[in-house]
Amino acid sequence: MDKVRVRFAPSPTGPLHIGGARSALFNYLFAKRNHGDFIVRIEDTDLERSSRASEENIKESLHWLGIDWNEGIDVGGCHAPYRQMERLNTYTEAAQRLLDTGKAYYCYCSEEEIEQERQAALARGEMPNYSGRCRHLTAAERGAKEAQGIKPVIRFHVEPGEAVHIADLVRGDVYFERDGIGDFVIVKSDGIPVYNFAVVVDDHLMEISHVLRGEEHLSNTPRQIVLYEALGWETPAFGHISLILGKDRSKMSKRNGDVSVVNYQDAGFLPEALVNFLALLGWAPEGEEEIFSMKQLEESFSLDRVSKSPAVFDMDKLKWLNGQYLHQLSSEVVAAKIAPYVDGIAQLELLADTLKNHLNTFSEVKDFLPLFQGEAALPMDEEAAEVLKEETVPQVLTLFQEKAAALEEFSAAGIKGILKAVRKETGLGGASVFMPVRVALTGTKHGPDIDKLAALMGRDILMKRLEAAMAKIK
RNA sequence: GGCGCGUUGGAGAAGCGGCUUAACUCACCAGCCUUUCACGCUGGCAUCCAGGGGUUCGAAUCCCCUACGCGUCACCA
């Protein structure tokens, strides 16, 4: 078997989105697993929407995710260049061949005409294919059109024949009738090739062995296969990965959640977690384990465990996964990572240590700030209020207050010592001491270690909140 | 509307004709652990695989029909 060569070929029309990242990842993993090459090519033939900034964003996101390529933009390779706008002559050549062999022809129809026909066909419930009107233009007729200054497009003529067969690596055999395809444009009137044409030329010239891409491309594939045939080229293997759906079960878009990977980066997600999550979206590991490093994925990824049905993007699971990775980080690292979200906090390390196991993402640190910032007592929920009704509470809080006021070294360890002393002096169990203090200070039964929270709070705030809570009991 | 793909619990999913009284993970619920909280651990959570026919000794797994969802029909990629 020939060498495995796969590619990720984004068009730089916006930031790298989740679906693209997943395609890139699957291609990358497939290449690694099969000791093949992974190529990144830029499809920038849409002049209107393409930008260098988007290309940069895509590259940065790929790097951030830990997906690198051994051939393509930036790194180069023996099939350079890797930007379609820099390979225009290649397409022109191929188009000329098609023209010469009568498999393609110039079409002078205006966009308006075609749009009209399209609408009419659609209204009749027919396939809105091009009529083929320009196919039989004589040289004289063509000359006349040219003289009028009309710039033609080049259309590929799809001849009748057997249905186009796709032996899809993930979906199995799929067939498309040829007359359902219709003569399609391969070169625009400005001389720039259209997607379906450019990919074929590039994939062939770059010796791509497997085309792994999103399911939205499935209906493009017959067009491409027909081109391979006409050009006399061998087709690569195709594999169409199911879509990633948003919560509302429609294709993931800005409407149903964050779509670009920078959004996740900014929100404080770890690249390892995102990669792990993305891999699980459409691919199922063999065992029970779900936590995989890139290295492990590279070793276990396989196409036959890629699912046919679409996957819904489950934010809860992403957060959980991210938490799994985050909890393993040292407090020092966490401190550095949360710093951007909590400017001006002195005890960063203590904060990191306190919150580490409560965070699923770094940005969540903001949600915990009120726990120890501000003098005002926090709103109390019902089950917390219940705690303060215990008759030993006044005694506990008074004692705690006295000791806190007298505490020399106001630290987590110091607070812990006080709590211990209160237990000893009152003879009460752990919960009877910890809970009232926790509730009085934070208004809830749940949260990070109360001694650390108290230290973060500082003596002033602690006293004020305690005061308020005690006043409430009476 | 045509064409194409899909449909297993709230979500990701395993399953490939008998091993399935449908793995595993998230979420949820209960309990344990913990001087508090969290982490962690243990257990519970689909009498059933969109619905209906059929094939078979036997089907979530094969075939047909219906429904629903999604994708795609550009001089966008």
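Atoms considered below: every heavy atom in the structure, side chains included; atoms not considered: hydrogens, waters and symmetry mates. Each chain gets a letter, A, B and so on, in the order the sequences are listed, and its residues count up from 1.
For B:A27, its base never sits under 3.5 Å from the side chain of A:Asp314 at any donor and acceptor pair. Counting distance only, with no hydrogens placed and no angle test, the side-chain atoms of A:Lys420 and the base atoms of B:U35 include no donor-acceptor pair under 3.5 Å.
The shortest side-chain heavy-atom distance between A:Ser61 and A:Ile58 does not fall under the 4.5 Å cut-off. Put simply, the side chain of A:His210 does not reach to within 4.5 Å of the side chain of A:Phe238, judged on heavy atoms. Side chains of A:Tyr106 and A:Ile154 form a contact here, defined as non-hydrogen atoms less than 4.5 Å apart.
If you take atom P in B:G1 and the same atom in B:U47, they sit 34 Å apart, rounded to whole Å. For the P atoms, the distance from B:G52 to B:A67 is 15 Å, rounded to whole Å. Here the separation of B:C37 from B:G51, taken at their C1' atoms, is 49 Å to the nearest Å. Across the P atoms, B:A60 and B:C19 are found 10 Å apart, a figure rounded to whole Å. A gap of 13 Å separates the P atoms of B:G10 and B:C48, to the nearest Å. Separation of the C1' atoms belonging to B:G40 and B:U34 is 10 Å when rounded to the nearest angstrom. With P as the reference atom, B:A46 and B:G53 are 25 Å apart, rounded to whole Å. Rounded to whole Å, the separation between the P atoms of B:C68 and B:A23 comes to 32 Å.
As a whole-Å value, the separation of A:Glu286 CD from B:G15 P is 8 Å. Atom pair A:Ile450:CD1 and B:C37:P shows a separation of 11 Å (rounding to whole Å applied). A straight line from CD of A:Glu43 to P of B:A77 spans 9 Å, rounded to a whole angstrom. The CH2 atom of A:Trp320 sits 13 Å away from the C1' atom of B:A13 (whole-angstrom rounding). Across the protein-nucleic acid pair, A:Ile225 atom CD1 and B:G4 atom P stand 14 Å apart, rounded to whole Å. If you take CZ of A:Arg223 and P of B:A77, they are 13 Å apart, rounded to a whole angstrom. Look at CZ on A:Arg49: it is 14 Å from P on B:C75, rounded to the nearest Å. Per the geometry, CG belonging to A:Leu243 stands 17 Å off C1' belonging to B:A11, to the nearest Å.
B:U55 makes up no base pair with any nucleotide shown, lacking Watson-Crick or G-U wobble contacts both under 3.5 Å. Across the strands present, B:C19 finds no partner; the criterion is a Watson-Crick or G-U wobble pair with both atom distances under 3.5 angstrom. Across the strands present, B:G2 finds its partner in B:U72; the criterion is a Watson-Crick or G-U wobble pair with both atom distances under 3.5 angstrom. Pair assignment for B:A13 gives none, since no Watson-Crick or G-U wobble pairing has each distance under 3.5 Å. Across all strands shown, B:C32 is found opposite B:G40 as a Watson-Crick or G-U wobble partner, with both distances under 3.5 Å. Under the Watson-Crick or G-U wobble criterion, with both distances below 3.5 Å, B:A46 is left unpaired in every strand shown.
The side-chain tip of A:Arg22 points at the ring of A:Phe26 from less than 6.0 angstrom away and within 45° of straight on. A cation-pi contact, defined as under 6.0 Å to the ring centre and within 45° of the axis, links A:Arg155 to A:Tyr130.
Using a 4.0 Å heavy-atom distance criterion, A:His217 is classed as a base contact. Among the atoms of the strands shown, only primed sugar atoms or phosphate atoms (P, OP1, OP2) are found under 4.0 Å from some heavy atom of A:Glu216. Residue contacts shown for A:Tyr175 are limited to sugar-phosphate atoms, with no base heavy atom under 4.0 Å away. If you check every strand for non-hydrogen atoms under 4.0 Å, A:Asn357 touches sugar and phosphate atoms only.
The 12-atom threshold is exceeded at NZ of A:Lys188, counting heavy atoms of other residues, nucleotides or ligands nearer than 6.0 Å.
Nearest to the side-chain atoms of A:Lys317 among the listed nucleotides B:C5, B:U25, B:U72 stands B:U25. Residue A:Lys416 has its side chain nearest to B:U35 when only B:C37, B:U35, B:A77 are considered. Closest to the A:Asn220 side chain, of the nucleotides B:G71, B:U25, B:A77, is B:A77. In the set B:A38, B:C76, B:C5, the nucleotide with an atom closest to the side chain of A:His358 is B:A38. When each of B:G4, B:C75, B:A13 is scored by its nearest atom to the side-chain atoms of A:Ser189, the top-ranked nucleotide is B:C75. For A:Val312, counting side-chain heavy atoms from C-beta on, the closest listed nucleotide (B:U72, B:A11, B:C37) is B:A11. Taking the side chain of A:Val174 as heavy atoms from C-beta on, and the options B:U36, B:C5, B:A77, the nearest nucleotide is B:C5. The nucleotide whose nearest atom lies closest to any side-chain atom of A:Val185 is, among B:A77, B:C37, B:C75, B:C75. For A:Arg423, counting side-chain heavy atoms from C-beta on, the closest listed nucleotide (B:C76, B:G6, B:U35) is B:U35. Counting only heavy atoms from C-beta on, A:Lys188 has its side chain closest to B:C76 among B:U36, B:C76, B:G71.
A:Phe184 has its ring centre no less than 6.0 Å from the ring centre of A:His157. The six-membered or imidazole ring of A:Phe313 lies near that of A:Phe277, with a centre-to-centre distance under 6.0 Å.
For the OP1/OP2 pair of B:A38 and a distance below 4.0 Å, the side-chain nitrogens and oxygens of A:His446 include at least one atom meeting the criterion. In terms of phosphate contacts, A:Arg305 brings a side-chain nitrogen or oxygen within less than 4.0 Å of OP1 or OP2 of B:G15. An OP1 or OP2 oxygen of B:C76 is reached within less than 4.0 angstrom by no side-chain nitrogen or oxygen of A:Thr13. OP1 and OP2 of B:A13 both lie 4.0 Å or more from every side-chain N or O belonging to A:Lys308. Between A:Lys452 and B:C37, a side-chain N or O to OP1/OP2 separation shorter than 4.0 Å is absent. Look at A:Gln324 and you'll find a side-chain N or O under 4.0 angstrom from OP1 or OP2 of B:G40.
Judged by distance alone, the side chains of A:Thr221 and A:Arg213 do bring a donor and an acceptor atom under 3.5 Å apart. Side-chain contact annotation: A:Glu113 with A:Ser110, donor-acceptor N/O pair under 3.5 Å present.
Taking a 4.0 Å limit (strictly below) on heavy-atom distances, residues 269-282 of chain A reaches RNA chain B at A:Leu280, A:Gly282.
Using a 4.0 Å cut-off between a side-chain N of Lys or Arg and a carboxylate O of Asp or Glu, A:Lys452 and A:Asp449 qualify as a salt bridge.
In this structure A:Ser50 satisfies the side-chain contact (heavy atoms from CB on, under 4.5 Å) test together with A:Pro12, A:Thr13, A:Asp44, A:Asp46, sequence neighbours excluded.
Where A:Ser307 and A:Lys151 each meet RNA chain B at their nearest nucleotide, the meeting point lying more 5' is that of A:Ser307. Nearest-nucleotide positions on RNA chain B for A:Gly447 and A:Glu177 put A:Glu177 closer to the 5' end.
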